A.B. asks: 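Take a look at the following structure, please.
First the proteins, then the strands, lettered A, B, ... as listed; each starts at 1. What you see is a predicted model, and the numbers here were worked out from it, not measured in a lab.
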Amino acid sequence: MALVLTEEQTMLRDSARGLIGDTAPVAHFRKLRDERDAAGFSRDLWKSFAEMGFAGLLVPEEFGGSGLGCVEAGVVMEEIGRNLTPSPFLATAVLAASAIARGGSDAQKKAYLPKIADGSLIAALAVDEGAKHRPSKIALTATRAGNGFKLKGAKALVVDGHVADLLIVAARSAGQPGDADGLTLFLVDPKAKGVSIEHTIMVDAHNAARISFDEVEVNADQVLGEVDRGAALLDTVLNIGRAAVAAEMLGVADEAFGRTVAYLKERKQFGKRIGEFQALQHRAAHLYTEIEIVRAAVLKALQAVDTDAEHAGFAVSVAKAKAGTVTTLAVQEGVQMHGGMGMTDQFDVGLFMKRARVLQELFGDANYHAEALAEWKKY
Amino acid sequence: MSDAASPDLDQFRSDTRAWLEANCPAEMRTPMQGDEDNFWGGRNAKFASDAQKVWFERMRDKGWTVPDWPTQYGGGGLDPAQAKVLREEMAAIGARSPLSSFGIWMLGPALLKYGNEAQKAEHLPQIARGEIRWCQGYSEPNAGSDLASLQTRAVPDGDDFIINGSKIWTSYANYADWIFCLVRTDASAKKHDGISFILFDMTSPGVTTKPILLISGKSPFCETFFDNVRVPQSHVVGTVNRGWDVAKYLLQHERAMISGMGGRDGGRPLGQVAADSLGTDDRGKLDDPILRGQIASFDIDEAALACAAERAVDLAKAGQLHPAFSSAMKYYGTELNKRRHEILMSAGGIDALEWESERSNDGARARAWLRTKANSIEGGTSEVMLGIVAKRILDLPGA
Ligand SMILES: Cc1cc2nc3c(=O)[nH]c(=O)nc-3n(C[C@H](O)[C@H](O)[C@H](O)COP(=O)(O)OP(=O)(O)OC[C@H]3O[C@@H](n4cnc5c(N)ncnc54)[C@H](O)[C@@H]3O)c2cc1C
């Protein structure tokens, strides 16, 4: 597969760039933030995402979606990153859609996928419990009770958990925290008895939730995939999410960088445009190179998860780690090269820095994925 | 990963795989240890082993020393997709390159674009068959990064030019048969406008070379002197005084080549190499957690760079590659290769410090480490590469 977008993917990118750039630019995000909007995103915008077919990108055609792939989802994520657009796209259209499409029973697919595709259902994936992403350390327990299970424990950062109509909860049904297997995924109604949801606003003014489960009863038909063998499904879904987050980071990095270069060409000091100073030119050129490398690594990872390639996990770790460090550099350099203006809330570049910090942490930071790669290479 | 491509390409892949399997000797599927493992061709070519000779001759006979050149010039006539398949299949078995050559990497592409028919017919097949070894006469003592300020003069005399001046850093000039050389043919023009690109035989009367010893203790580099060297004017490639265009085009290829060095030796993972000297802890992890982390983040960067290199080829095929992108890749690839060798030295610890011993293969690791320091200098320094990216790609102001 060539590491360039196909013609259709390029068209999708152009239409996503148009729609998102026009209707949900950074100003849209600022407005929601300043109004302390309860949902933190616009439901109207989500409706138009659904109309454009974005919500159902990863939903198979028989369930009302367009049955496209992760490369296409990545294309949309990149534009979301570029505009800092708050949207349930990642949680619902990417994570939940692929979890249900890949792991769900026919009944589950029929129940949820069409609603994801038409934008009427928002879903969230609940994985992380500690301060750092460590899926193997999941401790939230699922104990057998009657014909089902009882869930007990807490999740620390559930993206869109505060507005979700459906939670996909990763729980430990066997073994000990730290074991690779023994996990089961459950489809849980957030209104079920024993679920309590604490809405949190993060540093980047995006929204998430801390969710606790106190003896929450779930039936056997709420199991997604196989009991005790959910780790593989979870891993696949997380890899799709990681590749998508890497694509969002690419958008963040590229946009912060583009704005920085524009500033270098316009701002004057010492009677010159600051872009004439070689010290800044070289830093900009270095950053350009890094971002181009991320672009290639992200595309590689998205293609690899689409084809379920054997090396998909490897390609994803490379992309997530590389995007994590480079995006961090891009936003830090962005603020620095904007000088004092970069520190003001009025200027957008700081918003990119805050978003990058969250995305770096989501589903494993650069260190987590470097460790995964070292394991992969056996040293 | 294989392309979801035409049945023809699938057929080509399986034929290629079978051919390589049958024809690439086992010794040619191991990583190169030092420069002796390169075969450079030329009039005085020597093979380091029978396997090297067999491998070279078989590849040459298929035109696969230059798989994507036209068959009429000794190439394999492969289209870009087939050439990619061949590269992938060679990489899959760790096959060494059969011929190392400035003719292939640099001069060939420039001749294909700018040479006249007679020049192509004369030189390209000899490059493809490894018969003539070329060297590059660009840099001068006072014209390194500022290459266009070069002073070596070529003055017309009948049908010839008479060349006087000197070059420096001419890699392998003492082994080369011919040189591609930048000379000043119009001293009154602006500096970029009076340069010509010319080819001549290193055995021409008046050419002398003098080796330069490097910090790695090896000296494949030379000063090269021209004292009234007579060269037919027909040896100019492209137009007289327009040699800078040819020079720049060639530099793009040189930079692309240098950016791909190192890393792709098909060797064992760096972390496992480190474990040879350092050992592992009871969980099988490298017994130096900080170095292990450095290696892991290096591996991330290297794997990501490999994606970018692959993408550059695909972008070029799609006609979307920025011509200055090779400068970005050259910069990144060489800085990374230096980091790789810093890690190798650190991983080797005391073992890596030996300079002259059989056990250390004559200090191979230390010498290689020192040699890599030139990667970010030769072919244009990292600073110059960043300057090119800043101006040509990012369009930043000032000169
Ligand atoms: C091992 C080796 C092999 C080589 N092989 C060949 C060969 O085969 N043929 C050939 O013709 N040449 C060859 N070269 C020469 C090489 O291309 C030059 O060394 C290189 O272009 C740098 O020139 P210089 O050495 O004169 O350094 P200088 O140009 O003197 O540079 C000195 C320092 O100043 C910096 N600098 C210079 N200009 C700028 C600027 N505008 N902005 C910021 N920093 C700047 C440089 O980056 C460098 O750090 C080789 C060099 C080496 C070391």
A.B. asks: Are the side chains of Tyr379(A) and Arg292(B) in touch, meaning some heavy atoms are under 4.5 Å apart?
C.D. replies: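 Yes, their side chains come closer than 4.5 Å.
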A.B. asks: Between Asp301(B), Leu270(B), Ile388(B), Leu286(B), which has the largest tally of heavy atom pairs under 4.5 Å with chain A?
C.D. replies: Asp301(B)
A.B. asks: How about His286(A) and Met385(B): do any of their side-chain heavy atoms sit closer than 4.5 Å?
C.D. replies: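 His286(A) does not reach Met385(B) side chain to side chain.
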A.B. asks: Answer with side chain, backbone, both or neither: which region of Ile274(A) has an atom nearer than 4.5 Å to a non-hydrogen atom of chain B?
C.D. replies: neither
A.B. asks: Checking Glu383(B) against chain A: side chain, backbone, both or neither under 4.5 Å from a heavy atom?
C.D. replies: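 Both parts, heavy atoms under 4.5 Å.
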A.B. asks: Does Arg311(B) use its side chain to pair, donor to acceptor, with the backbone of Leu3(A) at less than 3.5 Å?
C.D. replies: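 Checking the backbone N and O of Leu3(A) against the side chain of Arg311(B), a donor-acceptor pair under 3.5 Å is found.
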A.B. asks: Determine the minimum heavy-atom distance between Ala296(B) and Leu373(A), stating which atoms define it.
C.D. replies: O-CD2, 3.9 Å
A.B. asks: Check this for me: does any side-chain nitrogen of one of Lys322(A) and Glu302(B) sit under 4.0 Å from a carboxylate oxygen of the other?
C.D. replies: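 Looking at Glu302(B) together with Lys322(A), the answer is no, because their closest N to O distance does not fall below 4.0 Å.
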A.B. asks: So which heavy atom on Ala370(A) is nearest to which on Ser297(B), and how close?
C.D. replies: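 Looks like CB-N, 4.4 Å.
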A.B. asks: Is there side-chain contact between Met329(B) and Glu292(A), with heavy atoms separated by less than 4.5 Å?
C.D. replies: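 Not touching, per the 4.5 Å side-chain cut-off.
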A.B. asks: Starting at CG of Asp314(B), measure out to CG of Leu5(A) and round the result to the nearest 0.5 Å.
C.D. replies: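 Asp314(B) CG to Leu5(A) CG: 11.5 Å, rounded to 0.5 Å.
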A.B. asks: Considering only heavy atoms, which portion of Phe325(B) lies under 4.5 Å from any heavy atom of chain A: side chain, backbone, both, or neither?
C.D. replies: side chain
A.B. asks: Which heavy atom of Ala284(A) sits nearest to which heavy atom of Leu396(B), and what is that distance?
C.D. replies: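 Here Ala284(A) and Leu396(B) meet closest at CB-CD1, 4.1 Å.
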A.B. asks: Over all heavy atoms of both residues, which pair between Ala285(A) and Ala390(B) is shortest? Give the atoms and the distance, please.
C.D. replies: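 That closest heavy-atom pairing would be CB-N, 4.0 Å.
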A.B. asks: Just by distance, with hydrogens left out, do Glu290(A) and Tyr332(B) show a side-chain donor and acceptor under 3.5 Å apart?
C.D. replies: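 Checked: Glu290(A)/Tyr332(B) side chains pair up, N/O donor to acceptor below 3.5 Å.
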A.B. asks: Picking from Val294(A), Thr325(A), Ile293(A), which has the most non-hydrogen pairs under 4.5 angstrom with chain B?
C.D. replies: Ile293(A)
A.B. asks: Would you say CE of Met341(A) has more than 12 non-hydrogen atoms from neighbouring residues, nucleotides or ligands within 6.0 angstrom?
C.D. replies: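 Yes, enclosed.
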A.B. asks: For chain B, find which of Gln281(A), His282(A), Lys378(A), Glu276(A) contributes the most heavy-atom pairs closer than 4.5 angstrom.
C.D. replies: His282(A)
A.B. asks: What I'd like to find out is whether the side chain of Phe257(A) reaches to under 4.5 Å of the side chain of Leu394(B), using heavy atoms alone.
C.D. replies: yes
A.B. asks: Is it the side chain or the backbone of Ile295(B) that comes within 4.5 Å of chain A heavy atoms, both, or neither?
C.D. replies: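 Interface part for Ile295(B): both.
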A.B. asks: Atom CG of Asp395(B) and atom NZ of Lys265(A): how far apart are they, to the nearest 0.5 Å?
C.D. replies: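 Reported value, rounded in 0.5 Å steps: 4.5 Å.
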A.B. asks: More than 12 foreign heavy atoms under 6.0 Å from CG of Asp308(A): is that the case here?
C.D. replies: yes
A.B. asks: What is the distance from atom CD of Gln303(A) to atom SG of Cys307(B), rounded to the nearest 0.5 Å?
C.D. replies: 9.5 Å
A.B. asks: Just so I understand: if I count every heavy-atom pair under 4.5 Å between each of Val389(B), Thr280(B), Ile300(B) and chain A, which residue has the most?
C.D. replies: Ile300(B)
A.B. asks: Should we count NZ of Lys137(A) as having more than 12 external heavy atoms under 6.0 Å?
C.D. replies: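 For Lys137(A), atom NZ is not crowded (no more than 12 foreign heavy atoms under 6.0 Å).
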A.B. asks: Check whether Phe314(A) gets within reach of chain B through its side chain, its backbone, both or neither, counting any heavy atom under 4.5 Å.
C.D. replies: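 The answer is the side chain of Phe314(A).
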A.B. asks: Would you name the heavy atoms of Glu310(B) and Met1(A) that are closest together and state the gap between them?
C.D. replies: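 Shortest heavy-atom separation between Glu310(B) and Met1(A) comes out as OE2-O, 4.2 Å.
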A.B. asks: Relative to chain A, which of Ala312(B), Gly271(B), Gly387(B), Ala308(B) shows the most heavy atom pairs under 4.5 Å?
C.D. replies: Gly271(B)
A.B. asks: Would you mind reporting whether Val4(A) and Lys317(B) have side-chain heavy atoms less than 4.5 Å apart?
C.D. replies: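 In short, these two side chains do not touch, never coming nearer than 4.5 Å.
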A.B. asks: Name the region of Ala303(B), side chain, backbone, both or neither, that has any atom closer than 4.5 Å to a heavy atom of chain A.
C.D. replies: both
